[in-house]
Amino acid sequence: MAERTGLRFDVITLFPEMFAAVTDFGISRRALERGLWQLECWNPRTWADNAYGSVDDRPFGGGPGMVMQVQPLEEAIGAAKLAREAAGVNAGPVIYLSPQGKPLSHAKVAELAVGSGAILLCGRYEGIDERLIARCVDEEISLGDFVLSGGEVAALALIDACVRQLPGALNDAGSAVEDSFVDGLLDCPHYTRPEVYKDIPVPEVLLSGHHENIRRWRLKQSLLRTRERRPELFAKWLAQRVKNARGLSKEEAQLLREIEPG
Ligand code: 4H6
C-alpha cells in the first residue's frame, strides 16, 4: 500500500545547524510551517566510539586529509531508518551527495518530490570509507563538476529544489517560472519598474499589454538564450519536438526561422 505521508528528509551531517538555511528562510520555511515536508538531522558524532566524538581517521595507503569512518555513519543511517518507520514514512533511498555522483536533473528532482523523500548523506574531510557506500548507499548524486567543502550545501540545494515542487509550496506566480525548465528551455529575461533605468528601456512589447505578443517574445528569448548558452540543451529540445507526433508547432517553426543566424 502506497503511503502518502508527505516529503521527509533525514540528513546525516556533522553540521546540522547548516540546515537552518532551508528550515528558517523563504519558500522552504513556509512549506515546512504548512506541514508539507519534514526534516530531521542525525549527527554521526552521537555514535562515535570514543570520548572525543571523532568520526574520522587517516586514510589507508597514506595521503593528505582524513576519511569518515563506517561505524558512526552506519549507526546514524540505522537510526534515521528506524525513525522514518516509526513515523510511518516509506523508507526512501539513501543518497550520497558527491562529486562522483550522477548529475542531478529536473527529472530526478521531480521524481523525488512525488516520493517520500530520502536519507541524505553529507561527506566531510576527503570523503567516506568506501565500505559504508557499498553497504548503505542506494544512489550517488552530484550537483555538477565542482568541489564543495562538504555535502551539506549540495543536500540543501536538493532539498530546496524538491520542496519548491510540492503542491502548495509556491504562490501561483511560481509555477510559470518552473514551466520553462520542465519544457527543456532556459527561462526568458525579466523586467520590473522603472520603465527606463540609466537610459536602458524595458523591451517595448512587455509594456504593450498584448499578451499573445508577450508570450511569443518570451518564447523567442528562451530559444535564443538556450541556443547561445546551452547548445546541448537546445539540441535536445529540438530533437524532442521533431520526434513528437505533431513535430514543431507552426509558431515554433516560425520563431526558429526568425532566430536563424545570418
Ligand atoms: C563526497 C566525497 C558534492 C562528498 C568527497 C559534495 C561537491 C559535490 C564530498 C567530498 C562535495 C557536488 C570533501 C571532496 C571535501 C573534496 C563533499 N563536493 N569532498 N558536486 N563535497 O555535488 O573535499
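Indexing begins at 1, ligand by ligand and atom by atom, following the structure's order. Treat the numbers as computed from the prediction; the structure is a model and nothing was measured.
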Q. For ligand 1, does Cys122 get within less than 4.0 Å through its side chain, its backbone, both, or neither, judged by non-hydrogen atoms?
A. neither
Q) For ligand 1, which atoms have a heavy atom of Glu126 less than 4.0 angstrom away? A) 5 (C)
Q: State, with a plain yes or no, whether a side-chain heavy atom of Val163 is found less than 4.5 Å away from one of Leu36.
A: no
Q. Which ligand 1 atoms are under 4.0 Å away from a heavy-atom of Ser149?
A. 15 (C)
Q | Proximal atoms of ligand 1 relative to Ser142 (non-hydrogen, under 4.0 Å) | A | 12 (C), 20 (N), 22 (O)
Q. Can you list the ligand 1 atoms lying under 4.0 Å from a non-hydrogen atom of Leu97?
A. 1 (C), 3 (C), 4 (C), 6 (C)
**Q.** Polar contact flag, side-chain donor to acceptor under 3.5 angstrom, Arg257-Gln254
**A.** yes
Q) Which protein heavy atom lies closest to atom 12 (C) of ligand 1, and at what distance to 0.1 Å? A) Leu143 N, 3.6 Å
Q: Using distance alone, determine whether Gly127 and ligand 1 share an N or O pair under 3.5 Å.
A: no
**Q.** Nearest non-hydrogen protein atom, atom 20 (N) of ligand 1
**A.** Gly144 O, 2.9 Å
**Q.** Check: Arg216 side chain, Glu251 main-chain N or O, donor-acceptor pair, under 3.5 Å
**A.** no
(Q) So, regarding Leu148 and ligand 1 (criterion: nitrogen or oxygen to nitrogen or oxygen, under 3.5 Å), is there a contact or not? (A) yes
Q. What pairs of residues pass the side-chain hydrogen bond (donor to acceptor under 3.5 Å, both in side chains) test when at least one of them lies in residues 138-158, not counting sequence neighbours?
A. Thr13-Glu152, Ser98-Glu140, Lys108-Glu139, Arg124-Glu152
Q) At what distance is the nearest protein heavy atom to atom 23 (O) of ligand 1, and which residue and atom is it? A) Tyr125 O, 3.5 Å
Q: Please step through side chain to side chain contact (heavy atoms under 4.5 Å, CB included) for the pair Ile133 and Glu130, ending with a clear verdict.
A: CA-CA 5 Å; Ile133 298 162; Glu130 192 64 25; 3.7 Å; yes
Q: For salt bridge (Lys or Arg N to Asp or Glu O under 4.0 Å), just list the numbers for Glu33 and Arg29, CA-CA rounded to whole Å, side-chain angles, deciding distance to a tenth of an Å, and then say yes or no.
A: CA-CA 6 Å; Glu33 288 166 354; Arg29 175 189 180 153; 2.8 Å; yes
Q: Mind checking whether Tyr96 contacts ligand 1 via backbone (N, CA, C, O), side chain (CB onward), both or neither, at a 4.0 Å heavy-atom cut-off?
A: side chain
Q | Where ligand 1 meets Gly123 - atom numbers and elements under 4.0 angstrom, heavy-atom basis | A | 17 (C)
(Q) Which of the numbered atoms in ligand 1 are under 4.0 angstrom from any heavy atom belonging to Val147? (A) 7 (C), 16 (C), 18 (N)
**Q.** Pairwise side-chain contact, Met18 with Cys41, heavy-atom cut-off 4.5 Å (strictly under)
**A.** no
